[in-house]
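Remarks on the structure that follows.
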Amino acid sequence: MESSLVKDNPLLLPLNSEKTIYDGFVTVQERDFRMRIFLPPDRQLKWAKLHCSWQLKHLLHGYEPIVKQRLQQSADLVSFLLELKTVLEVGLKSRPECSSIPPPQYYSQLISEMETIGWDKLLSIDTEFRTLRLKAQDFSGRQHILTIKLQSKHPEEAPECSADLPVPLVVTWTPQSTLEQLHNQFLQVLESLTEFWDILDEIDSKTWILEPEKPSRSDTMRRITIGNNVSIKVEVDPRHPKMLPECCLLGAEHVVTPLRNKLNANMHLWNPDSSVLHNLQDVLEIEFPSPATHEKSAFSVECGICYSYRLDAAIPDQVCNNPRCGQPFHQACLLEWLRALPSSRQSFSIVFGECPYCSKPVTVKMSTHKS
Ligand code: ZN
Ligand code: ZN
């Protein structure tokens, strides 16, 4: 009997020479459950006492009468343990949440790895100890957050990592990789993006940004105020942040056309050693209005139809081209207005009509473009 007991349950060992106390683990579906078995001196099973770990207790909850019955009926410890494992297998199947509780090593590993990184880096951890948010600082002192979802059931698989970045976060992972290595890889990614964020931070602090309303670290686009109802939309390449960005001028034609001409004529002046903000000002031959020189309200002129500035996320980006008018409208508002007028006409996706303010011709595209 002893030999098959050891063979079936190699982690369960007698604690005394009388072999009345066994301690260790029973293994079911590759998971080990701690238990201790006390037998009376005559080693009769029906008087045996079981001490179970909390996980095992939780798993056997509701099956206690069956376990008792098996203790009464089993011929010896080997056959009882076999019966117990069958009960546990049924229990694991009916309680999938139990089978997903990671083994204790998972937690001790996690804690020792956190000690290596430093607890001050831990922003939060969920109650299941699976999703960690770690702090990281880039070279310019900006704070970033790395979210790591650990594959607690399959620790050898790569965890899911995410962060607020303008590029996909790619990390290399081997089963031997540690959290510290992930954190270090993240710091390297941050380092590679430092210049990109420096450039955008300069734009954000020295100009009036119309869009996005609250830029995140992953936003590569900025719509910068040039003047009343005139703005430039720039798309900065996170990989080559100092290169000439994609630019789009927005506003009334009579203001935008000369700026566009300057942009085209002066493009060769773009200096990759200088910042995007300075280059833009040099190429366009302008100074952007900044929080130091202007109030933002001077540039957030509301729509001439609905009298609000933001409509959902949109700002009034349609401007009457009459230099004496220049009234801005939301695209949706102007479209609705023009379509309600019998004098308006439509050609393909463009609606032609009259400005509600100055009655000069205005046009609006029907496609709901994304700003
Ligand atoms: Zn409107
Ligand atoms: Zn007008």
Side-chain angles (χ1 to χ4, degrees), residues 203-204 206-215 219 221-235 245-265 280-281 283-371:
I203 293 176
D204 290 347
K206 295 188 178 164
T207 70
W208 282 120
I209 300 297
L210 296 174
E211 287 174 300
E213 196 174 5
K214 289 189 185 93
D219 282 317
M221 185 276 272
R222 292 294 188 277
R223 180 163 166 164
I224 311 166
T225 298
I226 294 177
N228 227 336
N229 304 319
V230 195
S231 58
I232 185 164
K233 204 161 91 173
V234 295
E235 187 77 51
E246 238 181 87
C247 296
C248 177
L249 285 152
L250 298 138
E253 273 314 311
H254 68 282
V255 192
V256 164
T257 307
L259 286 170
R260 194 175 291 134
N261 292 341
K262 275 185 189 151
L263 186 65
N264 290 333
L280 281 174
Q281 299 196 129
V283 169
L284 292 167
E285 297 174 20
I286 53 159
E287 286 276 332
F288 287 109
S290 79
T293 59
H294 293 76
E295 292 284 328
K296 190 174 191 179
S297 57
F299 307 108
S300 46
V301 177
E302 63 268 19
C303 166
I305 294 167
C306 72
Y307 299 114
S308 64
Y309 184 63
R310 287 211 184 259
L311 178 72
D312 298 325
I315 63 171
D317 58 359
Q318 307 291 306
V319 181
C320 172
N321 279 329
N322 174 7
R324 287 162 171 267
C325 174
Q327 178 64 45
F329 306 100
H330 291 118
Q331 188 194 27
C333 293
L334 188 58
L335 194 60
E336 201 184 302
W337 176 278
L338 293 183
R339 285 166 118 185
L341 292 179
S343 59
S344 301
R345 60 193 176 80
Q346 186 185 332
S347 169
F348 297 102
S349 62
I350 297 174
V351 177
F352 298 81
E354 287 174 0
C355 170
Y357 276 69
C358 67
S359 301
K360 290 279 187 283
V362 284
T363 57
V364 61
K365 268 195 187 151
M366 280 175 60
S367 62
T368 46
H369 72 105
K370 276 200 109 184
S371 51

Quiz item: Distance-only, no hydrogens or angles: does the Ser344 side chain make a donor-acceptor pair with backbone N or O of Gly353 under 3.5 Å?
Solution: no
Quiz prompt | Expected output: side-chain Tyr357 to main-chain Gly304 donor-acceptor under 3.5 Å | solution = yes
Quiz item: Are side-chain heavy atoms of Val283 and Cys247 found at a separation under 4.5 Å?
Solution: no
Quiz item: Is there a side-chain contact between Leu284 and Leu263 (heavy atoms, below 4.5 Å)?
Solution: yes
Practice problem: Please round to the nearest 0.5 Å and tell me the distance separating atom CD of Gln327 and atom CG of Asn322. | Solution: 11.5 Å
Quiz item: Does some side-chain heavy atom of Met366 sit less than 4.5 Å from a side-chain heavy atom of Arg339?
Solution: yes
Self-check item: Short side-chain to backbone donor-acceptor contact, Thr257 and Glu253, under 3.5 Å
Solution: yes
Quiz prompt | Student check: side-chain heavy atoms of Asp317 and Arg223 closer than 4.5 Å | solution = yes
Solution key, residues 305-315 side-chain donor-acceptor pairs under 3.5 Å, sequence neighbours excluded:
| from | atom 1 | to | atom 2 | distance (Å) |
| --- | --- | --- | --- | --- |
| Arg310 | NE | Glu213 | OE1 | 3.4 |
| Arg310 | NE | Glu213 | OE2 | 3.3 |
| Arg310 | NH1 | Ala313 | O | 3.2 |
| Arg310 | NH2 | Leu210 | O | 2.9 |

Practice problem: Supply the atom-to-atom distance Leu259 CG to Leu250 CG, rounded to the nearest 0.5 angstrom. | Solution: 11.0 Å
Quiz item: Do Ile232 and Phe288 have side chains that get closer than 4.5 Å, going by heavy atoms?
Solution: yes
Self-check item: Atom pair CG (Leu334) and CZ (Phe329), whose distance is rounded to the nearest 0.5 Å
Solution: 6.0 Å
Practice problem: Grab the two heavy atoms, one from Pro328 and one from Asn229, that are nearest each other, plus how far apart they are. | Solution: CG-OD1, 3.2 Å
Quiz item: CE/Met221 to SG/Cys248 distance, rounded to the nearest 0.5 angstrom?
Solution: 10.0 Å
Self-check item: Beyond-backbone contact of Ile226 with Val255, side-chain heavy atoms, under 4.5 angstrom
Solution: no
Quiz item: Arg222 versus Pro215: any side-chain heavy-atom pair under 4.5 Å?
Solution: yes
Practice problem: Report yes if the side chains of Ile224 and Leu280 come closer than 4.5 Å at any heavy-atom pair, otherwise no. | Solution: yes
Practice problem: Find the distance between CD (Glu354) and OG (Ser343) and round it off to the nearest 0.5 Å. | Solution: 5.0 Å
Self-check item: Greater than 12 external heavy atoms within 6.0 Å of Trp208's CH2
Solution: yes
Exercise. Please round to the nearest 0.5 Å and tell me the distance separating atom OG of Ser290 and atom CD1 of Ile203.
Key: 13.5 Å
Quiz item: Can any side-chain N or O of Gln331 pair as donor or acceptor with the backbone N or O of Val364 at less than 3.5 Å?
Solution: no
Practice problem: Using a cut-off of 6.0 Å, state whether more than 12 heavy atoms not belonging to Glu246 lie near its atom CD. | Solution: no
Self-check item: Glu336 side chain to Leu338 backbone, donor-acceptor under 3.5 Å
Solution: no
